[in-house]
Peer 1: 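Dropping the structure in here first, questions after.
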Protein chains: 2
Amino acid sequence: MTSHAQSPEGVTGEAPAKRLPSAVVARLTVYLRALNGFVAEGIERVSSDALAEASGVSSATLRKDLSQLGSYGTRGVGYEVDNLLQHLSAALGLTRDWRVAIVGAGNLGRALARYGGFEVRGFEVVALLDTDPEIIGNEVGWLRVTDAANLEAIFRRTRANMAVLALPGSAAQQACDRVISAGVRSILSFAPTILQVPRGVTLRKVDMATELQILAYHAQRGEAGGQTGENEHGEPAAGTAP
Amino acid sequence: MTSHAQSPEGVTGEAPAKRLPSAVVARLTVYLRALNGFVAEGIERVSSDALAEASGVSSATLRKDLSQLGSYGTRGVGYEVDNLLQHLSAALGLTRDWRVAIVGAGNLGRALARYGGFEVRGFEVVALLDTDPEIIGNEVGWLRVTDAANLEAIFRRTRANMAVLALPGSAAQQACDRVISAGVRSILSFAPTILQVPRGVTLRKVDMATELQILAYHAQRGEAGGQTGENEHGEPAAGTAP
DNA sequence: TAGTGTGAACAAGTTCACAGCC
DNA sequence: GGCTGTGAACTTGTTCACACTA
């Protein structure tokens, strides 16, 4: 992740970048994934058409998105997979190391802890906490479940800078507050609750009930739906209008 | 869920409704959750301000959203919690029964199967499939893991009309295809892959890597982010062209 | 020639502010 | 007086089409 032998200069350091529209950020993660697919296949160059196809967006959207980062393609040729990957990673802040603590070691928490597939590395699960004495001390993957009573200390020791909440709705807000007071400003919640966070903290929420309800809405009416690639607002993708 | 003693006529039957903007649909699920909270507290009436506050949106947005469904509030007073709940449920299609099959009984699949908290009932997990002989036959919650080799038969027997994919990226596309050919048109995928689905099938995707990457982006630059209540907005998805 | 980069048109979503009703 | 419902202004996001260039 540290070495990379090319690119004029952009990739190296920080991101001077102007603020990206949030819709774009969401899609960049998709492109990243698609590009990794190309790398795996040994493909070194892609056109916006090919990459868009693989990502499930229109090529116009793709080009516009990428152009926000700079001109990393070559007219008449396409994009160099590896180079583009570097730039996307840099833009998303994946050159830093992110240390993730998972709060809640129930079924979901354990599943998440064991899920190593972070695609484009950069994330490391550094702690798995729970309050249940029956669970504390258990090994899960490479981790041992630690006592959530010591949350602040654990976060300090592991220098966790992101938190994943994988606990029941009832416990979520309290855990959220503690995590924030421990200094974390990026939180991903799997709890089926509406959480309140102060300004300056970024909270993202993921939850099956919500997703199923949205599916229900689409299914209930004529269908149509089409593909909703990712979260955020997804995309109409799959060529709606020729 | 069936009885409700009022409302001119709307709630009863189907949804004649005009198509809702997808951003609105996503937020309706949030309101639904907030309303359930009010019910639990025994509160019978809410103002748009109160409900908006609890949902993490502006009251203007809330009112605009609700007005798309009809005029279910009373000027000068507010909304009746129970009544609004009925209307939201109807609008989202939660009056029907949705039978969900979970494909993949690994850590995540099992966690999802056991997660009963579907908030506003209407969803039932009717099957949990896997291909691993070691897992097939195991009991998970109220279910027994069945052999994914018989996917089509199982879907037919259980009349599953939604599918949740909880399997590794490598197996996801194939499973997705089979599920679709078994007649399912609403799919929620937890697999970290870009899936291709034909028109007429609604696919939603949820995945930790993506979410963490988006968090990383916000954390990396000045922060600010603020709260991203749900999936940011919803999805433009459906019907671009009538 | 093939395919990127982008201004300009269009569409979707959000906020404002106030008219209308209880 | 208080609060909903909604047109109209504004902001954000998407698509088109073509100039530009390796």
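The sequence lines fix the lettering, A, B, ..., with proteins before strands; numbering per chain opens at 1. No experiment lies behind these values; they were computed from the predicted model shown.
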Peer 1: Between B:Ser58 and A:Gly70, which has a closest nucleotide on DNA chain C that is more 5'?
Peer 2: A:Gly70
Peer 1: In whole angstroms, how far is the C1' atom of C:dT15 from the CG atom of B:Asp65?
Peer 2: 12 Å
Peer 1: Suppose we screen for salt bridge (Lys or Arg N to Asp or Glu O under 4.0 Å). Which residues come up paired with B:Arg178, at least two apart in sequence or across chains?
Peer 2: B:Glu152
Peer 1: Are any non-hydrogen side-chain atoms of B:Val30 and A:Thr210 less than 4.5 angstrom apart?
Peer 2: no
Peer 1: Nearest whole Å is fine: how far is D:dT6 C1' from B:Lys18 NZ?
Peer 2: 11 Å
Peer 1: Does a side-chain N or O of A:Thr61 approach OP1 or OP2 of D:dT15 to a distance below 4.0 Å, or not?
Peer 2: yes
Peer 1: Determine, stepwise, if the pair B:Glu211 / A:Arg204 fulfils salt bridge (Lys or Arg N to Asp or Glu O under 4.0 Å).
Peer 2: CA-CA 7 Å; B:Glu211 297 299 327; A:Arg204 291 191 60 89; 2.4 Å; yes
Peer 1: When the nearest nucleotide of DNA chain D is assigned to A:Pro21 and to A:Gly76 on a heavy-atom basis, which residue is associated with the more 5' position?
Peer 2: A:Pro21
Peer 1: Find out whether A:Leu85 and A:Tyr31 are in side-chain contact, i.e. whether some heavy atom of one side chain is under 4.5 Å from a heavy atom of the other.
Peer 2: no
Peer 1: Has B:Arg63 got a side-chain N or O lying under 4.0 Å from the OP1 or OP2 atom of C:dT15?
Peer 2: no
Peer 1: Taking only the side-chain nitrogens and oxygens of A:Arg75, find out if one of them lies under 4.0 Å from OP1 or OP2 of C:dT1.
Peer 2: no
Peer 1: How long is the line joining CG of B:Leu84 and C1' of D:dC3, in whole Å?
Peer 2: 15 Å
Peer 1: D:dA19 P sits how many Å from A:Lys64 NZ, rounded?
Peer 2: 16 Å
Peer 1: Return no unless some side-chain N or O of B:Tyr79 is found under 4.0 Å from OP1 or OP2 of C:dC22.
Peer 2: no
Peer 1: Taking atom P of C:dG5 as reference, at what distance in whole Å does atom CD of A:Gln68 sit?
Peer 2: 12 Å
Peer 1: Starting from P on C:dT6, measure out to CG on A:Leu69 and report it in whole angstrom.
Peer 2: 12 Å
Peer 1: Please identify each residue that fulfils side-chain hydrogen bond (donor to acceptor under 3.5 Å, both in side chains) with A:Ser47, with sequence neighbours left out.
Peer 2: none
Peer 1: Take the protein atom CG of A:Leu66 and the nucleotide atom C1' of D:dG13, then report the distance between them rounded to whole Å.
Peer 2: 16 Å
Peer 1: Salt bridge (Lys or Arg N to Asp or Glu O under 4.0 Å), that's the test. Do B:Arg33 and A:Asp207 meet it? Break it down for me.
Peer 2: CA-CA 12 Å; B:Arg33 182 156 286 163; A:Asp207 139 54; 2.7 Å; yes
Peer 1: Near DNA chain D, which residues from residues 44-51 of chain A have a heavy atom under 4.0 Å away?
Peer 2: none
Peer 1: To the side chain of A:Thr74, which of D:dA17, D:dA22, C:dC21 is closest?
Peer 2: D:dA22
Peer 1: Between C:dA11 atom P and B:Arg19 atom CZ, what is the distance in whole Å?
Peer 2: 15 Å
Peer 1: Does the side chain of A:Tyr72 pick up a donor-acceptor pair with the side chain of A:Asn83 at under 3.5 Å?
Peer 2: no
